[in-house]
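Data first, discussion second: the structure below is written as structure tokens.
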Amino acid sequence: MSSRVPNSQLDPAVAARLKRDADGLVPAIAQQYDTGEVLMLGWMDDEALHRTLTTGRCTYWSRSRQEYWVKGDTSGHVQHVKFVALDCDADTVLVKVDQVGAACHTGARTCFDEDVLTEGQ
């Protein structure tokens with residue numbers, strides 16, 4: 001469990017399933033719930049996941065700032081949670097959201113449309 005929040009309120013059954021990295025984090029993919037558009041990747045620990053599940057707003061752990069951040073609190077580009085699931089290995093979280101405004105910190109709708117490495121064949 002993450003050393004940042006030793007007493008997270010995350011459901012113990014969910015916490016027991018999570019496979020975290022050495023820093024106590026799991027990647028969290030944000031996807032637009034109605035179109036399937038992949039918006040961004042963030043990082044969550046147990047507490048960030050708990051907050052996401054209970055508030056209806058995506059909460060992430062900022063690895064650079066070493067603090068929690070709720071998507072949209074400063075930018076207004078809010079992610080309203082519609083659905084949360086773990087992948088088959090329980091090492092990645094999928095959060096389907098209703099994205100208001102840009103998801104990327106660059107101001108783009110998605111973080112995955114600027115640097116295309118290859119087009120489909």
Output side-chain donor-acceptor pairs under 3.5 Å for residues 89-96, partner residues at least two apart or in another chain, one line each.
none

Rounded distance (nearest 0.5 Å) linking atom OG of S75 with atom CH2 of W69: 8.5 Å
Tell me, please, which residues at least two apart from Q32 pass side-chain hydrogen bond (donor to acceptor under 3.5 Å, both in side chains). D34, D98, R109
As an exercise, state the distance from CD of E47 to OG of S8, rounded to the nearest 0.5 Å. 4.0 Å
Kindly write out the residues that satisfy side-chain hydrogen bond (donor to acceptor under 3.5 Å, both in side chains) with T54, not counting sequence neighbours, or none if the list is empty. none
For D87, side-chain hydrogen bond (donor to acceptor under 3.5 Å, both in side chains) partners two or more places apart: none
Measure the spacing between CG of L39 and CZ of F112 and express it to the nearest 0.5 Å. 9.0 Å
Measuring only between side-chain heavy atoms, which start at C-beta, is S62 closer than 4.5 Å to Y68? no
Looking only at atom types and distance, does a side-chain atom of R65 sit under 3.5 Å from a main-chain N or O of R63, one as donor and one as acceptor? no
Answer yes if Y33 and V97 sit in the same cluster of Ile, Leu, Val, Met, Phe, Trp and Tyr residues linked by side chain heavy atoms under 4.5 Å apart, and no otherwise. no
With sequence neighbours excluded, tell me which residues meet side-chain hydrogen bond (donor to acceptor under 3.5 Å, both in side chains) with T74. none
About how many Å separate OH of Y60 and CG of L25, when rounded to the nearest 0.5 Å? 13.5 Å
Without placing hydrogens or testing angles, list every side-chain donor-acceptor pair under 3.5 Å for residues 99-108, not counting sequence neighbours.
from	atom 1	to	atom 2	distance (Å)
Q99	OE1	Q79	NE2	2.9
Q99	NE2	H77	O	3.3
Q99	NE2	A102	O	3.1
T106	OG1	A108	N	3.4

Distance (rounded to the nearest 0.5 Å) between R51 CZ and Q9 CD: 11.0 Å
Looking only at heavy atoms, the pair that brings T110 and D113 closest together is O-OD1, 3.3 Å
Looking at every heavy atom in both M44 and T59, which two are closest together, and how far apart are they? CE-O, 3.5 Å
Would you say that V38 contacts I29 through its side chain, given a criterion of any heavy-atom pair below 4.5 Å between the two side chains? yes
Can you confirm whether D46 sits close enough to L49 that some side-chain heavy atom of one is under 4.5 Å from a side-chain heavy atom of the other? no
Only counting residues at least two apart or in another chain, list the ones meeting salt bridge (Lys or Arg N to Asp or Glu O under 4.0 Å) with D73. R57
Please walk me through it: do L86 and V26 pass side-chain contact (heavy atoms from CB on, under 4.5 Å)? CA-CA 10 Å; L86 294 176; V26 293; over 6 Å; no
Single-linkage hydrophobic cluster V70~W43, side-chain heavy atoms < 4.5 angstrom: no
Are M40 and V78 connected in the hydrophobic side-chain network, where two residues link if heavy atoms are under 4.5 Å apart? no
